[in-house]
*Asks:* 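So that we are looking at the same thing, I have put the structure below in structure tokens.
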Amino acid sequence: MNQAIGDSDVLVVVDVQNDFCPGGNLAVPGGDEVVPVINALARRFRHVVLTQDWHPAGHQSFASSHTGRRPYETIKVAYGPQVLWPDHCIQGTRGAAFRDDLDIPHAALVIRKGFRREIDSYSAFFENDHVTPTGLGGYLRERGLQRLFVAGLALDFCVRYSAEDAKRQGFDVAVIDDACRGIDVGGSVAATRKSFASLAVTGVQSGDLR
Ligand code: VGL
Ligand code: ZN
């Protein structure tokens with residue numbers, strides 16, 4: 001299914017940061033493999049937005065902030081269940097930096113998220129309380145960008161929630177399968193596929209975009 005990229009299309013590149021790649025603190029298996037795919041793809045888009053996971057030290061989503069808790073356990077917080085993670089993407093650290101080989105000089109906007117100590121943020125649109133906006137929705141609407149192609153890390157967390165919120169906000173959304181990798185905590189990749197199917201979030205291959 002070939003699709004032509006147009007002027008109201010935007011590529012949203014999610015969290016291609018050192019900590020989500022092999023050697024990083026919350027490494028996604030094969031996370032580094034998406035970089036050349038995304039670089040090549042980005043050249044075909046006029047509009048590119050990057051997201052950057054950007055936590056203060058001691059963030060509530062870190063297992064280390066809760067005595068007796070281990071990474072990948074789930075706890076209850078004010079806004080619902082929260083998976084606990086290893087410390088990652090701490091503001092200003094090397095782990096929080098974009099991959100050195102990510103090469104998208106024309107990216108127009110970087111949305112940072114997860115910078116409030118008590119709220120995690122997977123989606124590029126809303127924090128995990130589902131009400132605190134990041135501003136991306138307003139930016140896209142003001143710029144007349146209606147169709148989102150989403151790529152990056154991790155498929156089953158930040159890519160998933162970004163794509164779903166985009167759909168709920170009335171944007172057209174496709175997830176670029178070969179430009180994403182998942183963490184897979186407790187069946188989260190399968191849950192993501194199911195949810196995409198029920199919300200009609202389409203999947204495409206980077207090679208299908210012209
Ligand atoms: C992410 C877990 C914690 C992601 C961010 O980018 O998918 N996952 N923080
Ligand atoms: Zn995070």
Side-chain angles (χ1 to χ4, degrees), residues 11-35 37-38 49-66 69-75 77 79-99 102 107 110-130 132 134 136 148 150-166 173 175-177 179-193 195-196 201:
L11 177 65
V12 179
V13 177
V14 175
D15 298 1
V16 182
Q17 296 167 255
N18 291 317
D19 269 342
F20 295 124
C21 291
N25 288 339
L26 178 35
V28 179
D32 54 332
E33 295 165 9
V34 303
V35 177
V37 180
I38 289 174
V49 170
L50 311 178
T51 71
Q52 190 171 29
D53 208 41
W54 195 250
H55 300 305
H59 193 258
Q60 182 174 249
S61 74
F62 297 168
S64 64
S65 302
H66 307 268
R69 294 295 179 176
R70 311 275 312 154
Y72 308 106
E73 289 179 9
T74 301
I75 61 164
V77 298
Y79 49 79
Q82 170 69 50
V83 179
L84 295 177
W85 304 108
D87 291 19
H88 66 280
C89 296
I90 294 176
Q91 296 168 1
T93 62
R94 179 86 195 128
F98 291 119
R99 283 275 302 196
L102 187 70
V110 177
I111 287 279
R112 286 176 166 168
K113 58 187 180 58
F115 50 77
R116 291 177 178 85
R117 203 192 159 282
E118 19 8 278
I119 320 182
D120 204 4
S121 186
Y122 296 148
S123 163
F125 290 89
F126 293 99
E127 304 205 2
N128 285 11
D129 61 1
H130 305 296
T132 306
T134 63
L136 180 60
L148 278 66
V150 189
L153 307 171
L155 173 73
D156 40 346
F157 288 91
C158 291
V159 170
R160 172 184 177 178
Y161 291 98
S162 298
E164 292 179 359
D165 277 350
V173 191
V175 170
I176 307 170
D177 280 316
C180 297
R181 294 289 185 281
I183 302 177
D184 212 9
V185 183
S188 53
V189 166
T192 299
R193 302 249 176 248
S195 169
F196 282 175
V201 170

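Just so you know, ligand 1 is whichever comes first in the structure, and atom 1 is the first atom listed for that ligand.
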*Asks:* Is the closest side-chain heavy-atom distance between Ser162 and Thr51 below 4.5 Å?
*Replies:* no
*Asks:* I need the Gln60 CD to Ser65 OG distance, nearest 0.5 Å.
*Replies:* 8.0 Å
*Asks:* Hey, is ligand 1 close enough to Ala154 that some N/O pair sits below 3.5 Å?
*Replies:* yes
*Asks:* If you measure every N/O of Cys158 against every N/O of ligand 1, is any gap under 3.5 Å?
*Replies:* yes
*Asks:* With a 4.0 Å heavy-atom cut-off (strictly under), which part of Val83 contacts ligand 1: side chain, backbone, both or neither?
*Replies:* neither
*Asks:* Within a strict 4.5 Å, meaning less than it, do heavy atoms of the Ile183 and Trp85 side chains meet?
*Replies:* yes
*Asks:* Over all heavy atoms of both residues, which pair between Thr192 and Arg160 is shortest? Give the atoms and the distance, please.
*Replies:* OG1-CD, 3.4 Å
*Asks:* Ignoring angles and geometry beyond distance, decide whether His55 reaches within less than 3.5 Å of ligand 1 through its nitrogen or oxygen atoms.
*Replies:* no
*Asks:* Please indicate whether any nitrogen or oxygen in Asp53 is less than 3.5 Å from any nitrogen or oxygen in ligand 1.
*Replies:* yes
*Asks:* How far does CG of Leu136 sit from CZ of Phe125, to the nearest 0.5 angstrom?
*Replies:* 4.5 Å
*Asks:* With respect to the Zn ion (ligand 2), please indicate if Cys158 possesses an N, O or S atom at a distance under 2.8 Å.
*Replies:* no
*Asks:* Any heavy atom of His88 sitting closer than 4.0 Å to ligand 1?
*Replies:* yes
*Asks:* Taking just the N, O or S atoms of Asp53, which one is nearest to the Zn ion (ligand 2)?
*Replies:* OD2
*Asks:* Pick out which of Asp53, Asp15, Asn25, Asn18 makes a side-chain hydrogen bond (donor to acceptor under 3.5 Å, both in side chains) with His88.
*Replies:* Asp53
*Asks:* Would you call Tyr122 and Val83 a side-chain contact if the rule is heavy atoms closer than 4.5 Å?
*Replies:* yes
*Asks:* For atom 6 (O) of ligand 1, find the nearest protein heavy atom and state the residue, atom name and distance (0.1 Å precision).
*Replies:* Asp15 OD2, 2.6 Å
*Asks:* Is there an N/O/S atom in His88 that lies less than 2.8 Å from the Zn ion (ligand 2)?
*Replies:* yes
